[in-house]
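Below, each value reflects all heavy atoms present in this structure, side chains not excepted, and no hydrogens, waters or symmetry copies.
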Amino acid sequence: MKTSPWESGLLLVFRWFAGLQLIVIAPVLLVRLYILPSGQDAVMRMLWAMFVTALVLFAYLMLPTISAKLGKVFLPIALTIATLGPSFGHYYMLLADDARNVPVPLTGAWWLIPLLFVPLVIIAVQYHYRDVALYCVGTAVLNSGLTFAAIGDVNAYTVPTFAVITIRTVTFVVVGFVVVWLTRIQREQRRALAEANQRLAQYTMTLDQLATHRERNRIARELHDVLAHSLSALAIQLEAIKTLMDTNPQKARAMLEQALATTESGLAETRRALQELRASPLEDLGLAMAIADYAKSATQRAGLKLELHLPQKNYPLAPAIEQNIYRVAQEAIANAARHAQAQKISIALAQENQQLTLTVSDDGKGFDPQAQTKRRGFGIEGMRERAEMLGGELSVTSQVGHGTIVQLIYRENL
């Protein structure tokens, strides 16, 4: 998407500035013309100059077609209008015959300060120190030159004007430099925030890719444990049947029955594995009941005792959080059932002080975490990655001959 070449909201502020000038000046001009005519030509010249400048500036800023055609020079032209209009208006006012009768705040150019201040701030926000300095010096030279051209010499009448121009220039330089400095800090902060967000997005993408890779490998292990073993046993049985078909038909028939039983068992295990790979238990049962259902199925197949300490209600968690906690529990239970040679598996899920704790422990053979097998370590790494995605903490405590404890701690405003 194409972005604007100007700071966000800058043109809106400029439009409001021009619009407010019209709102303020138009009624005053009407009162001077039709209700309370003052008879002061210099004042009317000043009001007309301010009104015409504001009207031209507002019309210019409100036309989107001009902005689209001019591009980057659109804003400099608007700043030029906002600067030259009041400056020449002051010159036009000083040419009036009754200019010397006008109060010093008007002839002394004090009224130019608020009109030139907004363009100064816009330049400071949009551009650099050099541009602020050029604007301040340029307006000072312009106003001084126009004042001298209107009056003709330097005298007691023009001294206040030059004094105002000097004070204004010094003040504008200081204010402009401060605004530039603050704007630069803000830009650097926005840039740093954008870079941090980009790094965070890349990190999240990497975690997602790693989680997907781990999940694919876990699925591959599930299917290998079910299909590969069943098909290997079936292949051996069929080879034996082929050998015995002619020499011992009766024994071949018995082995054929075994092969059919192996096939049915493999199909049942495959369906079970595919069902477990889906996250539908979470949708149907909730986190606690889904963990309990998987644990009962896994321990029943492995012939293990099961001890459950689960809550009666489901905690209010986001679906992605539930999914990761369930997958950690699934991996821990599967590891204990297949590899631990345990007699009992204990599972606990508890919430206390805004902390959710999942604990899966077994009384199996345990292992040395420093010398764990590649297959076991792979599953543990997958659980650690899921814990990191949650922003939680995973600990695996084990010792040879003393079982294993897997604990996941997740903190959130439950």
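Taking both residues in full, the closest heavy atoms of Leu408 and Ala387 are given as CD1-CB, 3.7 Å, listed atom of the first, atom of the second, then distance. For the residue pair Ala252 and Ile241, the shortest heavy atom distance occurs at O-CG1, 3.8 Å. Leu55 and Leu22 make their closest contact through N-CD2, 3.6 Å (heavy atoms, listed as atom of the first residue, atom of the second, distance).
More than 12 heavy atoms of other residues, nucleotides or ligands shown are found within 6.0 angstrom of CD on Gln202. Around OH of Tyr92, the count of heavy atoms belonging to other residues, nucleotides or ligands within 6.0 Å does not exceed 12.
Atom CD of Gln407 is separated from atom OG1 of Thr359 by 4.0 Å, given to the nearest 0.5 angstrom. Considering CD1 of Ile405 and OG of Ser398, their distance stands at 9.0 Å, rounded to 0.5 Å. A distance of 12.0 Å separates CG in Leu244 from CZ in Arg253, rounded to the nearest 0.5 Å. Atoms CE and CG, from Met62 and Leu11 in turn, are 10.5 Å apart once rounded to the nearest 0.5 Å. A distance of 10.0 Å separates CG in Leu75 from CD1 in Ile77, rounded to the nearest 0.5 Å. Once rounded to the nearest 0.5 Å, the distance linking CE of Met46 with CG of Leu29 reads 10.0 Å.
In terms of modelled atom types and a separation under 3.5 Å, the side chain of Arg168 and the main chain of Ile113 share no donor-acceptor contact. Checked by atom type and distance alone, the side chain of Arg384 pairs as donor or acceptor with a backbone atom of Leu394 at under 3.5 Å. Between the side chain of Asp363 and the backbone N or O of Gln343, at least one donor-acceptor pair lies under 3.5 Å. Remark: the backbone N or O of Leu193 is paired with a side-chain donor or acceptor of Asn197 at under 3.5 angstrom. Tyr60 contributes a side-chain N or O that, together with a main-chain N or O of Phe74, makes up a donor-acceptor pair within less than 3.5 Å.
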Evaluation steps, side chain to side chain contact (heavy atoms under 4.5 Å, CB included), between Lys305 and Ile345 = CA-CA 6 Å; Lys305 293 181 182 179; Ile345 296 177; over 6 Å; no
Apply side chain to side chain contact (heavy atoms under 4.5 Å, CB included) to Ile123 and Val180, showing your working.
-> CA-CA 9 Å; Ile123 290 172; Val180 171; over 6 Å; no
Residues Glu307, Ile347; criterion side chain to side chain contact (heavy atoms under 4.5 Å, CB included); working and verdict = CA-CA 6 Å; Glu307 184 177 308; Ile347 302 171; over 6 Å; no
Take Lys296 and Leu308 through the side chain to side chain contact (heavy atoms under 4.5 Å, CB included) test and state the conclusion after the steps.
-> CA-CA 9 Å; Lys296 290 175 183 177; Leu308 292 173; 4.0 Å; yes
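Leu306 is not listed as a side-chain neighbour of Lys344, based on a closest heavy-atom distance of 4.5 Å or more. Residues Phe88 and Met93 have side chains not in contact (no heavy-atom distance under 4.5 Å, counting atoms from C-beta outward). At least one side-chain heavy atom of Leu317 sits under 4.5 Å from a side-chain heavy atom of Tyr410. At a threshold of 4.5 Å between non-hydrogen side-chain atoms, the residues Lys365 and Val400 do not count as touching.
Side-chain N/O atoms of Arg327 and Gln330 include a donor and acceptor closer than 3.5 Å. For Gln341 and His339, the side-chain atoms include no donor-acceptor pair closer than 3.5 Å.
Looking at Glu331 and Arg386, no side-chain N of the basic residue comes within less than 4.0 Å of a carboxylate O on the acidic one, giving no salt bridge.
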If you look only at distance, which donor and acceptor atoms sit under 3.5 Å apart when one is on a side chain in residues 133-142 and the other is two or more places apart or in another chain?
| from | atom 1 | to | atom 2 | distance (Å) |
| --- | --- | --- | --- | --- |
| Tyr135 | OH | Thr83 | OG1 | 3.4 |
| Tyr135 | OH | Leu116 | O | 3.2 |
| Thr139 | OG1 | Tyr135 | O | 2.9 |
| Thr139 | OG1 | Cys136 | O | 3.0 |

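Among residues two or more places apart in sequence or in another chain, the salt bridge (Lys or Arg N to Asp or Glu O under 4.0 Å) test is passed with Glu388 by none. Take Thr53 and apply the side chain to side chain donor-acceptor pair (under 3.5 Å) test, not counting sequence neighbours, and it matches no residue.
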